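As C-alpha cells, the structure follows; a few thoughts come after it.
Values in this document were obtained by computation on a predicted structure and should not be read as measured data. Basis for what follows: all heavy atoms, side chains included, without hydrogens, waters or symmetry-related copies.
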Amino acid sequence: MSRLRFALPFVLAAVAGCSILPNAEQPSVYTLPAAPGGRPMATTPVPWALRIATPNAPRSIDNSRIAVVPASNTITVYAAARWNDSAPHIFRDRLADAFRDSGRVTALSTDDSNLAADYELGGTLASFQTDYANGTPEVVIRFDAILANSRRHQIVASQRFEVREPVDGKEVPQVVQAFGRAMDKLSRDVVSWTYQSAPTP
C-alpha cells in the first residue's frame with residue numbers, strides 16, 4: 001500500500017502530461033479574392049452620399065462557414081474551411097469596394113458607422129453557396145437589393161440579382177476562386193443599377 005501511495009502521483013502526472021484526445025484540426029481561413037482593380041476612368045461624381053448596409057441572410061449562410069448544397073433541399077458546409085468573416089459582412093464589404101473602385105461616390109460608408117447618407121443600399125442575401133448541378137459544382141450568389149431614400153424612409157428601387165459561376169474543380173481553394181469571380185460580376189451589376197436608379201435627392 002505504501003508503494004502504491006508513492007507511485008500514484010507519478011502515474012497521475014504521466015497521464016496529465018499526455019492526452020489521448022486528438023488535436024483539434026485548425027480550419028483554413030479564406031478571404032474573398034478580387035480581380036485586380038485598375039484606376040477608375042474620369043467620371044462625374046454623384047451628388048449624393050451612400051451607405052451600404054449588411055444584408056439580411058438565412059442562418060445557413062449568416063456565419064463564417066462556406067456553404068455547399070450537394071443535393072436538393074440539403075445544405076452543409078465544407079469541412080475545416082472558413083471565411084475570414086460572416087458571409088453577409090464579406091458581401092457588404094465587397095460591394096463597398098466596388099463603389100469605391102467606380103470613383104463616383106465620394107461620400108460612402110457602411111452600417112458599421114452610423115453616418116447620415118442620402119441613400120442606403122441593403123436587402124437580402126438569399127444565396128451565397130456552392131450548388132451541385134448534375135454533379136458539377138457552381139457558385140450561386142443571389143441578392144434581393146433594396147435602394148432606399150434614407151431621409152424620407154422610402155424605397156426607391158428594388159431588384160433581384162443572381163450570378164452562377166462554374167468551379168474549376170472540387171477543392172475548396174477552387175471554390176473560393178469561383179466565389180471571387182461571381183462576386184466581381186454581381187458587384188458590377190449592382191453598382192450600375194444603383195447609379196441608374198438613384199435620382200438626385
Supply the atom-to-atom distance Phe128 CZ to Phe91 CZ, rounded to the nearest 0.5 angstrom. 8.0 Å
To the nearest 0.5 Å, what is the distance between NE2 (His89) and CG (Leu32)? 14.5 Å
Heavy-atom side-chain contact between Thr194 and Tyr119 under 4.5 Å: no
By salt bridge (Lys or Arg N to Asp or Glu O under 4.0 Å), Arg92 pairs with (sequence neighbours left out) Asp111, Asp112
Sorted by chain and number, sequence neighbours left out, side-chain hydrogen bond (donor to acceptor under 3.5 Å, both in side chains) with Asp97 holds for Arg100
Looking at every heavy atom in both Ala145 and Phe161, which two are closest together, and how far apart are they? CB-CE1, 3.8 Å
Heavy atoms of Arg51 and Ser150 approach each other most closely as NH2-OG, 3.7 Å
Contacts satisfying salt bridge (Lys or Arg N to Asp or Glu O under 4.0 Å) that involve residues 57-66 (not counting sequence neighbours) are none
Can you tell me if Arg104 uses its side chain to pair, donor with acceptor, with the backbone of Thr44 under 3.5 Å? yes
Shortest non-hydrogen separation from Ser197 to Pro199 and the atoms involved: O-CD, 3.0 Å
Examine Tyr30 and Val77 and state if one hydrophobic cluster contains both, with Ile, Leu, Val, Met, Phe, Trp and Tyr joined whenever side-chain heavy atoms are less than 4.5 Å apart. no
Shared hydrophobic cluster for Tyr132 and Val140 (ILVMFWY, side-chain gaps under 4.5 Å): no
Minimum heavy-atom distance between Ala126 and Pro58, given as atom pair plus value: O-CG, 4.2 Å
Is there a side-chain contact (heavy atoms from CB on, under 4.5 Å) between Asn84 and Ile90? Walk through the geometry before answering. CA-CA 8 Å; Asn84 65 320; Ile90 288 174; 3.7 Å; yes
Would you tabulate the side-chain donor-acceptor contacts of residues 170-187 under 3.5 Å, counting partners in other chains and residues two or more places apart, or write 'none'?
unit_1, atom_1, unit_2, atom_2, d
Gln174, OE1, Lys170, N, 3.1
Gln174, OE1, Glu171, N, 3.1
Gln174, NE2, Asp168, O, 2.8
Arg181, NE, Glu165, OE2, 2.9
Arg181, NH2, Pro166, O, 3.0
Asp184, OD1, Arg94, NH1, 3.2
Asp184, OD2, Ala35, N, 3.1
Lys185, NZ, Glu165, OE1, 2.5
Ser187, OG, Met183, O, 2.7

In Å, rounded to the nearest 0.5 Å, how long is the span from CZ of Phe99 to CG of Leu121? 5.5 Å
Parallel, tilted or perpendicular for Tyr195 and Trp48, by the 30°/60° rule? tilted
Inter-residue atom distance Ser102.OG - Arg188.CZ, 0.5 Å rounding: 13.0 Å
Is Leu125 close to Thr54 at the side-chain level, that is, under 4.5 Å between some pair of heavy atoms? no
Rounded to the nearest 0.5 Å, what's the gap from CG on Asp118 to CG on Asn149? Could you check? 7.5 Å
Which donor-acceptor pairs under 3.5 Å do the side chains of residues 66-73 make with protein atoms, sequence neighbours left out?
none

Drop me the distance from Ile52's CD1 to Thr110's OG1, to the nearest 0.5 angstrom. 8.5 Å
Should Val105 and Ile146 be counted in the same cluster of Ile, Leu, Val, Met, Phe, Trp and Tyr side chains packed under 4.5 Å apart? no
Any salt bridge (Lys or Arg N to Asp or Glu O under 4.0 Å) pairs touching residues 125-143, not counting sequence neighbours? Glu138-Arg164, Arg142-Glu162
